[in-house]
Amino acid sequence: MENSEDEAEKGELPLELKPLVSLAPKVPTLLGYDVETKSTSPLLVYVTPCRPCSSSEQPEEAPPSFCEPTPKSPVPIKATPISVALPTHQQEDESSDGDYKPFCKEKKPASLKKSKRPRQAEKSNVANIKRRSIRRNLDSEFNLCSSSSDNPKESVEGTMMMFDSLRRCILQLDEKEDAGRRADLKAGTLMMHNNLRINNRKMIGHVPGVEVGDVFFFRIEMCIVGLHAPAMGGIDYISSKHKDETLAVCIISSGGYENDDDDTDILVYTGQGGNSRHKEKHDQKLERGNLALMNSRNKKNQIRVVRSAQDPFSSGKIYIYDGLYRIEDSWTDKAKNGFNVFKYKLRREPGQPDGISLWKMTEKWKANPATREKGILLDLSSKAENLPVCLVNDVDDEKGPSHFNYVAGVKYLRPLRKTKPLQCCKCPSVCLPGDPNCSCAQQNGGDLPYSSSGLLVKHVPMVYECSSNCQCSHNCRNRISQKGIKLNFEVFWTGDRGWGLRSWDPIRAGTFICEYAGEVIDETRIDMDVEEDKYTFRASYPGDKALNWNVGAELLEEKSTVVTTENFKQLPIIIRANNEGNVARFLNHSCSPNLLWQAVQYDHGDDSYPHIMFFAMKHIPPMTELTYDYGTRGAPPGFEGKLFRACKLKSCLCGSKYCRSLF
DNA sequence: GGCGCTTCAAACCA
DNA sequence: CTGGTTTGAAGCGC
């Protein structure tokens, strides 16, 4: 069990396992963090650490180091493990009296043990982690980012968002220094070593907060949310001293062996082993995962299945949680290389939501949009966009939105002031990170705002993309949003919230979604009715989640990039999309949104009226409604009721302290 | 408790 | 454009 002695011990860890520590405790405020406040007493929320099943009593008080000013040293003297801030819902699992009780086996949470591989760590990690010593209090930030302990889904989303934020920033740092690879593993390791993993205990059945259809872009992501523990291995199992009690809990079918992935309800899975790249091939043995699967066949326990798909926007794989299966049959077979392998036939449990089957549908639609059932219009944009925008209604007979002109961009109904000159870099070919001569990088604070794969790295007050005056080519990574949509969208009838927007493509966090197109008007003109206001964008407030999207960056960087409303000063821009607009006019409000809006400049210098570009805040499975936080301030009377309704409809997602009942 | 071995990665380059 | 190479990490099990 963890106690304060353990924690003191953890403070003396080797450097590479140093916890992310508090050097300057911060108090979360409503709109960010109060940098000035030194007080830690009333507002800090202490969350009890993750504990194994058996533990029932939880200490209420925080470790003493929490309340004391921590010395400003890169090496912690008395570190507070991040686990004290970990949202934990495992307590809830135990006490829940639902009809399904997941089998759970006590498993020590990944603890801050002494270094496992000191030599290796010294070789590769020390420099990185040292540079990345965490200078501020992570605890409050993580709480803010992942919500409280009572909502497993929020915990998973917060953990995933923090991971990806870390990953994008490590990628950016590594790129600039032209050193290191595998930012995914570095981000994962950082989180593991700081006890930021959730669902530590292996369990049979669903993992709290992970839903069928959820997508992952790295193996390590499934690791840190407890869906599938092995970093590489395909079979996750609970091992036991009694060999016949070793049971499989999760498998990943990702094409490493000769599996047939065609049927969406049946999966024939090949056992592990005998396939090593470094050693001679041999017959598979009934041990480890193979043994676990055999026992699971006899015990008939549920097994989580993760299937993989090709990422349409990169060479990487996407992992899709396809829900629970059971093993029906098993046998041995000859692989193509002539050696014996184990085969297991799994059948999907009935009554689960669409998982991989949804992907088969969207792939068919992408190949030929005309195959989309209940389609009303093949291209709502009438070729104004790079890709067709399908209009569908699979709910009722509603025939389509009221008439508007589809335009892909903004039209300025007010004169623009030239407050800043246009971007004008001299980069040959494309802008590259770490180039001190790239004026565009300088304008963006020294770093290019996008990763090499075109993902937004951080949410900032303004992104300056390369302009027509720049010498770099069209392929420059600093020209993401100006090139228009890349996703296959459909505008669909929600039934209760009007028309909404979703994508046939899986979307990775940081992906550019679309611009808010329409007529840019003057703030003075607010004589619009409710209907017109429904299709109006106001740059009032980025939203709590959007403000906390950079939480990983906060932990890595020396200089403070704390986002507050001061950084994000309110923009006067109002975009009316009642008469003219694009897909963005169909984005609905949510208090638990999956998109954020980012101000972007590339074709004029009036920073008060930038382009409003939407980016994904988290990984979004295909066919998931895209939403953003409409904000509250500046909304005229009459609008309130509608917003409140929209929020209430989503209250299941944001019933916590984040649901702003004030609309 | 430590370390070696295995493991259906991921990114990059030739 | 793809297959081989490189870098890389968790956790089982001895």
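Keep in mind that this is a model prediction, so the values were computed, not measured. Naming: A, B, ... by sequence-line order, numbering from 1 per chain.
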Nucleotide opposite dA9(C) in a Watson-Crick or G-U pair, distances under 3.5 Å: dT7(B)

Is it true that atom NZ of Lys281(A) has more than 12 heavy atoms of other residues, nucleotides or ligands lying nearer than 6.0 Å? yes

Taking dG8(C), dA9(B), dG11(C) as options, the one with an atom nearest any side-chain atom of Leu185(A) is dG8(C)

Would you mind classifying the nucleic acid contact of Gly273(A) as base, sugar-phosphate or nothing, using non-hydrogen atoms under 4.0 angstrom? sugar-phosphate

Closest-nucleotide mapping onto DNA chain B: is His282(A) or Phe218(A) further toward the 5' terminus? I mean the 5' end. His282(A)

Taking dG11(C), dA10(B), dC12(C) as options, the one with an atom nearest any side-chain atom of Arg197(A) is dG11(C)

For Asp505(A), is there an ion pair with Lys366(A) - N to carboxylate O distance below 4.0 angstrom? yes

If I pick the C1' atom on dC14(C) and the same atom on dG1(B), what distance separates them, to the nearest angstrom? 12 Å

Under the 3.5 Å rule, do the base of dA9(B) and the side chain of Arg182(A) count as making a donor-acceptor pair? yes

Whether Tyr237(A) stacks on the six-membered ring of dC12(C) base, 5.5 Å and 30° limits: no

Note, Leu455(A) side chain near Arg508(A) side chain (heavy atom, < 4.5 Å): yes

My understanding is that a pair needs two contacts under 3.5 Å, Watson-Crick or G-U wobble. By that rule, which nucleotide pairs with dA14(B)? dT2(C)

Taking atom P of dG13(C) as reference, at what distance in whole Å does atom CG of Leu286(A) sit? 13 Å

Nearest to side-chain heavy atoms of Lys186(A), which nucleotide of dA9(C), dA9(B), dT6(B): dA9(C)

To the side chain of Ala231(A), which of dA9(C), dC12(C), dA9(B) is closest? dA9(C)

Closest nucleotide among dC12(C), dA9(B), dT7(B) to the Gln272(A) side chain: dT7(B)

Using a strict 4.0 Å threshold on nitrogen-to-oxygen distance, state whether Arg167(A) and Asp184(A) make a salt bridge. no

Side chain of Thr270(A) only, heavy atoms from C-beta on: which candidate in dG13(C), dC8(B), dA10(C) is closest? dC8(B)

For Arg167(A) and Ile235(A), take the nucleotide of DNA chain B holding the closest heavy atom to each; which residue's nucleotide lies nearer the 5' end? Ile235(A)

Nearest-nucleotide pick for Met232(A), side chain only, options being dG13(C), dG11(C), dG8(C): dG8(C)

Describe the nucleic acid contact of Asp184(A) in one word from base, sugar-phosphate, nothing, applying a heavy-atom distance below 4.0 Å. sugar-phosphate

